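Hydrogens, waters and symmetry mates are skipped; everything else that's a heavy atom, side chains included, is used. Ligands are counted one by one from 1 in listed order, and the atoms in each one are counted from 1 as well. Please read these numbers as outputs of a predicted model, since none were measured by experiment.
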Amino acid sequence: MAYYSAVIQVCFFLLAYYICLTAGTDLEGRFLQFEKNFVNVKEALEAKVVTLETKVARLEAKVEQQESQIAALILKEREKDQSSSTKKFTMSVELNQNYKRNAIFRTCQELRSSNPLLESGMYWIDPDGQGVGDDAIHVFCDMKSGKTLIGHDSESKIDVGKCAEPGCYSRKINYYATDRQIESLIGLSNNCSQRILINCNNAPLNVGGVEYSWYNTKSKKSDGKQTFSDWLTNCDSSRTQDTGRLVNYQQILNRLNFGGTLKGSLQHTLGKIECEGKAKNEGMPKSCEDLWRMGHTLNGIFAVKGSKSIESLYCDFNRRPNENGFEKRIGYADVKSDPVHFYVQRNSSFNTKYTPIPFHFARVNEGNAMNLTSGEFTAPRPGTYFFSFSGIAEYSHLHKNQVFMYIGLFLNGVVRIGGDFTEEGSSYYHSNKRGPLSFQSTLNLDNGDKVWLQIYASSNDVYLLEDRENHFSHFTGFMLEENIVASL
Ligand SMILES: *[C@@H]1O[C@H](CO)[C@@H](O)[C@H](O)[C@H]1NC(C)=O
């Protein structure tokens, strides 16, 4: 057995050797043939790639064309609607027109609040207000979340194609709503956002600090150029898909720009503008914009809370809040507050020091802010108050020494606002010496501030002169102007 297997092995060896020898002679020829074939196949494949690329480009052009046709149709529809009164429409169109004309709700959120049973779908809304500004818009309402979604002509996945330079691909985004309506919706919503998905292969958005890709927003001040880096990572070679959401959405994204796709590829898918919630509008309106957010749409003069008083504004809601003439300040509103005034007198002379001077009766005490017994006036509301005092000091018949009396107006017992005094030198004349006392004061007072009169220095035998018939002392005060805002 061992002998036969050895023979077979030798035979196989010889056979292989023979094949190798004969093959060796035309190996070179075969290789050349193979190389030729390879070149043919390569050329054929390349030709196919070119054909495919052309086809893709054509398809993309078609998609783009169709999208702009859709946009044009929507615009046409809108124009048609404007001249609707002269044309006849079918029942369904008329119904649609009614919905459109009667679009009283400004956001899907409002629509949902009005009827929680509504299903998600297309609805007419009028963010800038019914009857003013632009026509109503047709939007998608997500009734689960109350989101308002505004679409555009570039929502499908779109290939950027081959282009080397930064921003050599540039595409305008046309929304199915006017800028005014979109801006109004943004103003009425708690927050808006827009999602972007980038499929990419070896097409970084930023190379060594140079932005190859960016987007533009509608902005009057700057060119509105914004980089993606805040919300997308760099779409580098290790990454094939990147998705981000443009949040804190204040300005409309209206153009996408890409570049640096020569070695790789990039496709963008831009979502709808999504607006959610209700803009916070706390407390009383302070501006025409606040009024507009609250739902006012009819032009007119309004009272709003100013920094120190109630103010009158003229609001032109045909304009946008950022346009000139939207808000015109007219002046203070004439708001009447509860009156406060007093005029009090005494029946008898008084000479107690360091204590509020009490009074016996009031000619007027509207608002009861003056307490006769304690002599204290308490400001019932913040504002500007006026006080006036006048009286006479009487000295005793005989005084050998110098005599005097100081009277002051005190605020909260701590602050002496001011005073007046009368004084006589020593005298041997047998007659009374008298001196007038008077002062006026205008004060800004807070709620609860106390004001009174007080003798804060006097010699012996000096009186604030008074009798029942003549009434020599007069203390009067009133509120000149209430600080309405501080008391709200
Ligand atoms: C956007 O608004 C909605 C509704 O008010 C709220 O639930 C959500 O948290 C907000 N999102 C952001 C990112 O502020």
If you look at each N/O of ligand 1, which protein N/O atoms lie under 3.5 Å away, and at what distance?
unit_1   : atom_1 : unit_2 : atom_2 : d
ligand 1 : 2 (O)  : Asn190 : ND2    : 3.0
ligand 1 : 2 (O)  : Asn191 : ND2    : 2.4
ligand 1 : 5 (O)  : Asn190 : ND2    : 3.0
ligand 1 : 11 (N) : Asn191 : ND2    : 2.9
ligand 1 : 14 (O) : Asn191 : ND2    : 3.2

Pairs satisfying ring-ring contact (aromatic ring centres under 6.0 Å, His included), at least one member in residues 40-63, at least two apart =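 Residue pairs passing ring-ring contact (aromatic ring centres under 6.0 Å, His included), neighbours aside: none found.
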Parallel, tilted or perpendicular: rings of [Y] and [X] (30°, 60°):
X	Y	answer
Phe410	Trp452	parallel
His296	Phe302	perpendicular
Phe228	Tyr215	tilted

message = Centroid separation under 6.0 Å, is that true for the rings of Tyr175 and His152?
response =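 Yes - the distance between ring centres of His152 and Tyr175 falls below the 6.0 Å cut-off.
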request  = Please say whether the positively charged group of Arg320, taken as NZ for Lys or CZ for Arg, lies over the ring of Trp292, i.e. under 6.0 angstrom from the six-membered ring centre and within 45 degrees of the axis.
outcome  =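 Positive - Arg320 is close enough to the ring of Trp292 and near enough to its axis.
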